[in-house]
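Following: one structure in structure tokens, then a few remarks.
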Protein chains: 2
Amino acid sequence: MSSAAEFPGSEAEPGNLADRPYPGGIPDATVARLPVYLRALYALAERGVTTVASDELARSAGVNSAKLRKDLSHLGSYGIRGVGYDVEYLVYQVSRALGLTQRWPVVIIGAGNLGRALANYGGFLNRGFRIEAVLDSDPSLVGRKLGSVIVRHVSELEALVAEHGIAIGVIAVPAGAAQAMCDRLVATGVTSILNFAPLVLNVPGGVDVRKVDLSIELQILAFHAQRRSTARFVQATDRAAAEA
Amino acid sequence: MSSAAEFPGSEAEPGNLADRPYPGGIPDATVARLPVYLRALYALAERGVTTVASDELARSAGVNSAKLRKDLSHLGSYGIRGVGYDVEYLVYQVSRALGLTQRWPVVIIGAGNLGRALANYGGFLNRGFRIEAVLDSDPSLVGRKLGSVIVRHVSELEALVAEHGIAIGVIAVPAGAAQAMCDRLVATGVTSILNFAPLVLNVPGGVDVRKVDLSIELQILAFHAQRRSTARFVQATDRAAAEA
DNA sequence: CGGACTTTGTGCATTCATTCACAATCGACG
DNA sequence: CGTCGATTGTGAATGAATGCACAAAGTCCG
Ligand SMILES: NC(=O)c1ccc[n+]([C@@H]2O[C@H](COP(=O)([O-])OP(=O)(O)OC[C@H]3O[C@@H](n4cnc5c(N)ncnc54)[C@H](O)[C@@H]3O)[C@@H](O)[C@H]2O)c1
Ligand SMILES: NC(=O)c1ccc[n+]([C@@H]2O[C@H](COP(=O)([O-])OP(=O)(O)OC[C@H]3O[C@@H](n4cnc5c(N)ncnc54)[C@H](O)[C@@H]3O)[C@@H](O)[C@H]2O)c1
């Protein structure tokens, strides 16, 4: 992969774009899509594609191509007009924008059904993240091997965070214990939290919480399903009303 | 743009609100928050609270109170000025808006780490959903009991969907098999899909796909974590530059 | 070397979402 | 029964996101 020097951006005098790549900040909506683009780019790279136009990349990412180009334009001007984007170079730029040039140490709290699935899952370890520890309060789980790590007791949380410089905590404990675990994470200096427990976590400013909530997703699906199934009925009602 | 049918008797008759509760449709952003409100309401109800003001409910849901009120106003006018909302009644109204007065039959495809965690999880079964079947292609998993159901072979998909009137499919198979499973679900008439596999599913119009993607969430966290950690550096750099 | 062709990057209009701020409306209470 | 404090519901202002459409900028080929 090597040097970026031969690509636009480095030579074409955009000021000190190299020093501070994303001056105006990247919109949240864009940040949320960058990982999708990144995945599509990896898939292309694996198929041996070296260059891709916004149109095709947008299709694999499931978005409008103008949106894709505008998103990428927030990172800099890395395309070549008339040609498209160099896949490998764009992978690098998107990774850099997302902060994936370093590998982030992660702790998972809770080794139940979900925590085990997460710890066993190799998918997000590959790129950008490493699970440094899995913790549980249940003594019968401590010592068990999950994926590549051994379950430790939750009392070791603070020590492990300090030792491994952990920046991201994943909460996979029952809802009743989640806020307390969150508080401990925050007190230890963790400022990025991924929450699976079904409640709204309370955190001070400067701490970033994202949630993954299956029930919510299902309920949103149910809403649309209901809307679709009543659409026919409403149409019929409308016709009846129009005749009256 | 042209279709006048989109604005159904807009100013003519506000009277039939009861007949068609949500005339203009509920904004997506609102739909996505209703489940959060619902959860907060259940928590209040369990604590014995019978009435709640938008301010407090908004706090437990982690949103601005004006936003909460506007969201709820899309369902109808169910508050009492000077008092607040009746918790039990609002639970009913939000449930109804989300389509949770019926119980939705769900099929989970894939009984691996994740599928097992989902099937064992009682959380979203309580309200609004029931797992009717868990399917896998691995014969050694077929017959195993997960939660309250027994794993069946994936070849039974079409029959089970028809038999149980399944409307929602959950995809928890490896990425390589996800699109094929999705196609089969769609062909069988399932129009609501929750996808855990890390790829963008391709579906025809009228089919609703939502995704849960842990890698994406972690990457978004990484972005903000990086931004926070470079903020100090940039500030220092700025001062240095200002002095030069 | 020049012109046809392709594709990016972005200005602009439009739509969607958030937040503010307050009149309208309610129960409570004297 | 009228006043008062509380709270809703919503116009209007602001801000964010989307998608169109096209000039600018490149490639490619004859
Ligand atoms: N399993 C799923 O599919 C699923 C789906 C949606 C949401 N969730 C949510 O994810 C969370 C975990 O779910 P699960 O199915 O793994 O639950 P689980 O009960 O299987 O596991 C929870 C684990 O957390 C441990 N634990 C409890 N208190 C703890 C504490 N204070 N510190 C450390 N560990 C503690 C328990 O010992 C247990 O091992 C829950 O909040 C659940 O609501 C799970
Ligand atoms: N486990 C996690 O924490 C996690 C996290 C993020 C994403 N995911 C994604 O969720 C999906 C499932 O993850 P997992 O950890 O459970 O994987 P897994 O390998 O443990 O399980 C996959 C299961 O699907 C079955 N399967 C394969 N092809 C099938 C087919 N055509 N029809 C039916 N079943 C089939 C396999 O037999 C296996 O039991 C994957 O796409 C994965 O990328 C998982």
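These values consider heavy atoms only, across backbone and side chains, with no hydrogens, waters or symmetry-generated copies. Numbered from 1 within each chain, the chains take letters A, B, ... in sequence-line order.
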side-chain hydrogen bond (donor to acceptor under 3.5 Å, both in side chains): pairs with one or both residues in residues 183-195 of chain A, sequence neighbours excluded
A/E158-A/R184, A/Q179-A/D183, A/T191-B/R228, A/S192-B/R228
What residue pairs, at least two apart or across chains, pass side-chain hydrogen bond (donor to acceptor under 3.5 Å, both in side chains) with a residue in residues 43-59 of chain B?
B/S54-B/R69
Can you list everything that forms a side-chain contact (heavy atoms from CB on, under 4.5 Å) with [X]? Sequence neighbours excluded, please.
X      : result
B/A167 : B/W104
B/A175 : B/P198, B/L199
B/P27  : B/T30, B/H74
A/A53  : none

Residue pairs passing the salt bridge (charged side-chain N to carboxylate O under 4.0 Å, His left out) test where at least one lies in residues 25-35 of chain B, sequence neighbours excluded:
B/R33-B/D71
Can you run down the salt bridge (charged side-chain N to carboxylate O under 4.0 Å, His left out) pairs that involve residues 195-217 of chain A, sequence neighbours left out, and say none if there aren't any?
A/R210-B/E217, A/D213-B/R39, A/E217-B/R210
Distance check needed: [N] [atom2] versus [X] [atom1], whole Å only.
X     : N      : atom1 : atom2 : result
A/Y78 : C/dG9  : OH    : C1'   : 14 Å
B/H74 : D/dT10 : NE2   : C1'   : 10 Å
B/L72 : D/dT8  : CG    : P     : 9 Å
B/L75 : D/dT10 : CG    : P     : 12 Å
A/D86 : C/dT7  : CG    : P     : 16 Å
B/D28 : C/dA17 : CG    : P     : 6 Å

Residue [X], side-chain atoms from C-beta onward, closest of [options]:
X     : options                : result
B/S73 : C/dG9, D/dT10, C/dA17  : D/dT10
A/I80 : C/dT18, D/dT18, D/dG26 : D/dG26
B/P27 : D/dG19, D/dT18, C/dA17 : C/dA17
B/R33 : D/dG9, C/dT18, D/dA17  : C/dT18

When you look at B/Y92 and B/R96, which way does the side-chain contact (heavy atoms from CB on, under 4.5 Å) test go after all the steps?
CA-CA 6 Å; B/Y92 168 70; B/R96 191 165 68 100; 3.4 Å; yes
Once hydrogens and angles are ignored, does a donor-acceptor distance under 3.5 Å link the base of D/dT8 to the side chain of B/R81?
yes
Can a donor-acceptor pair under 3.5 Å be found between the side-chain atoms of A/K70 and the base atoms of D/dT18?
no
Can you check side-chain contact (heavy atoms from CB on, under 4.5 Å) on B/V107 and B/V190, steps first, answer last?
CA-CA 10 Å; B/V107 60; B/V190 174; 5.6 Å; no
Could you list all N or O pairs between the protein and nucleotides 28-30 of chain D that sit under 3.5 Å apart?
none

Can you tell me if CD on B/Q102 sees more than 12 non-hydrogen neighbours from other groups inside 6.0 Å?
yes
Among residues 200-208 of chain A, which ones have heavy-atom contacts with DNA chain C below 4.0 Å?
none
Which of residues 49-69 of chain A have a heavy atom under 4.0 Å from DNA chain C?
A/A53, A/S54, A/R69
Sequence neighbours left out, what passes side chain to side chain donor-acceptor pair (under 3.5 Å) with B/Y85? Give chain and number order.
none
Look at A/Y85 and C/dG9 and indicate whether a side-chain polar atom (N or O) is within less than 4.0 Å of OP1 or OP2.
yes
